[in-house]
Amino acid sequence: MRRLHRKGFPRAALAILLLIVTGCSFAAWFTPYDVSVMDGQAISLAPCRAHPFGTDSLGRDLLAMILYGGRLSLYIGALSALLSSLLAVVYGAGSGLAPQWADTALMRFCELLMSLPSLILVLFLQAIWGQPSPSSIATVIALTAWMPLAKLVRSEVRQIRESDYILAAKIMGADFAYLLRTHLLPNLISPAMFMVVSSFGQAIIAETTLSFLGLGLPVSQVSWGSLLSLSKNALLSNQWWMILLPGLVLITTLVCITELGEYVRFRNNRLQSNL
């Protein structure tokens, strides 16, 4: 069994993802250029020795923009995945432990939110929030992405709510926070981890979509989404590197995250089949 897990583990995906995260975290080690510096003598340069990824129409180094912009995109993805997971676990566990009438009402509300287009919810919440920022975008995406995980958590909690150790804890006066921390979370980590990992990649896609539509971060804040939002002008000026290279980095990151998520799901299914 261990050999199968080792053989199936996506080492290449993990290594590439760690390389991308390291490059974004320590961008100054990989490029001497500052993302805010505009060089009037290096406008719209194709990839060359001085600028391996080329430059944009303002003379900014594209490699620096990808690395520094990746910080924001990865931050938004990680924060959104964390917030949506916390909300989903609390909501789903509360629904699973609640009486039947309360559980039904909570799930109907969850299904109502799931029936609404997520993009409309994001735009509505962002309009209420005001000026977009990395934290506000991550929070808004989290508030529109927690429902599927909450339904999964609720289903798992409903299966174990009548277990002896949970009933004993209730008899001894344990509150919801104690039950969630001590008894429920250890049983939820394995089945929920796939959706947690997937939500990381989905948040990056959502941020990219908002920036592409011109509804994301301001132009002064570079992210992978804002880079791809320049694709229209890049196509008109035949700056292929402005589309291809950021797109490859984004797609590679998402593929690596997906591979890790698929492995987590495979491992969880294999463990459940052995029970």
Side-chain angles (χ1 to χ4, degrees), residues 17-18 20-27 35-36 65-93 109-110 113-114 116-153 185 188-189 192-230 246-247 249-258 260-261 264:
L17 183 61
L18 289 177
I20 293 174
V21 173
T22 301
C24 295
S25 301
F26 304 97
V35 69
S36 62
M65 296 173 70
I66 291 175
L67 294 180
Y68 284 102
R71 291 181 179 181
L72 286 182
S73 294
L74 294 174
Y75 168 77
I76 291 173
L79 180 59
S80 176
L82 176 62
L83 294 177
S84 64
S85 299
L86 290 175
L87 180 58
V89 168
V90 173
Y91 190 95
F109 175 73
C110 182
L113 293 180
M114 291 180 64
L116 299 176
S118 59
L119 182 58
I120 294 179
L121 286 177
V122 169
L123 295 178
F124 175 74
L125 294 175
Q126 188 60 63
I128 296 176
W129 192 290
Q131 183 66 25
S133 66
S135 297
S136 71
I137 291 179
T139 303
V140 166
I141 294 174
L143 291 175
T144 60
W146 57 271
M147 291 80 76
L149 180 57
K151 290 180 67 66
L152 174 64
V153 170
L185 279 180
L188 296 175
I189 291 177
M193 187 56 64
F194 166 72
M195 299 190 70
V196 173
V197 175
S198 299
S199 65
F200 181 38
Q202 292 170 359
I204 295 178
I205 295 176
E207 183 273 327
T208 302
T209 303
L210 289 176
S211 297
F212 183 79
L213 295 175
L215 304 172
L217 295 174
V219 180
S220 58
Q221 294 182 293
V222 178
S223 68
W224 288 343
S226 63
L227 284 177
L228 292 178
S229 67
L230 303 175
V249 174
L250 175 61
I251 292 174
T252 301
T253 303
L254 296 176
V255 169
C256 292
I257 294 173
T258 302
L260 292 173
V264 171

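Everything numeric here is computed off the predicted structure, so don't read it as measured data.
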Rounded to the nearest 0.5 Å, how far does SG of Cys110 lie from CE of Met147? 6.5 Å
Before you tell me yes or no, could you show the steps for Leu74 and Phe200 under side chain to side chain contact (heavy atoms under 4.5 Å, CB included), namely the whole-Å CA-CA distance, both residues' side-chain angles and the distance that decides it to 0.1 Å? CA-CA 8 Å; Leu74 294 174; Phe200 181 38; 4.0 Å; yes
For Thr208 and Ser73: C-alpha separation, side-chain torsions, deciding distance, then whether side chain to side chain contact (heavy atoms under 4.5 Å, CB included) applies. CA-CA 8 Å; Thr208 302; Ser73 294; 5.6 Å; no
Going by heavy atoms in the side chains, are Val140 and Leu121 under 4.5 Å from each other? no
Nearest 0.5 Å please: distance from the OG1 atom of Thr209 over to the CD atom of Gln202. 11.5 Å
Please tell me if the side chains of Trp146 and Leu86 come closer than 4.5 Å, counting only heavy atoms from C-beta onward. no
Between Ser85 and Leu149, the two heavy atoms sitting closest are CA-CD2, 3.8 Å
Dump the intermediate steps for side chain to side chain contact (heavy atoms under 4.5 Å, CB included) on Tyr75 and Ser135, then the final yes or no. CA-CA 8 Å; Tyr75 168 77; Ser135 297; 2.9 Å; yes
Under a 3.5 Å cutoff, is there a donor and acceptor pairing between the side chains of Glu207 and Ser223? yes
Value for CD1 (Ile20) from OG1 (Thr253), rounded to nearest 0.5 Å, stands at 3.5 Å
Taking the side chain as C-beta and beyond, is there a heavy-atom pair between Cys256 and Thr252 under 4.5 Å? yes
Closest heavy-atom pair and its distance - Ile76, Ala138: O-CB, 3.7 Å
Closest contact, heavy atoms only, Ala81 versus Val196: CB-O, 4.1 Å
Minimum heavy-atom distance between Pro134 and Leu72, given as atom pair plus value: CG-CD2, 3.6 Å
How close do Val122 and Leu210 get, heavy atom to heavy atom, and via which atoms? CG1-CD1, 3.6 Å
Measuring from Thr144:OG1 to Ile120:CD1, what's the distance to the nearest 0.5 Å? 12.0 Å
Closest non-hydrogen atom pair between Leu83 and Ala142, with its separation: CB-CB, 3.7 Å
Any donor and acceptor pair, going by atom type alone, linking the side chain of Ser80 with main-chain N or O of Gly77 inside 3.5 Å? no
Please check if any side-chain donor atom of Ser136 sits under 3.5 Å from a side-chain acceptor atom of Thr139, or the reverse. no
About how many Å separate CG of Leu254 and OG of Ser198, when rounded to the nearest 0.5 Å? 11.0 Å
Between atom CZ of Phe109 and atom CE of Met114, what is the distance when rounded to the nearest 0.5 Å? 13.0 Å
Who pairs with Trp224 by ring pair (Phe, Tyr, Trp, His ring centres under 6.0 Å), at least two apart in sequence or on another chain? none
Heavy-atom distance under 4.5 Å between the side chains of Gln126 and Pro132, does that happen here? yes
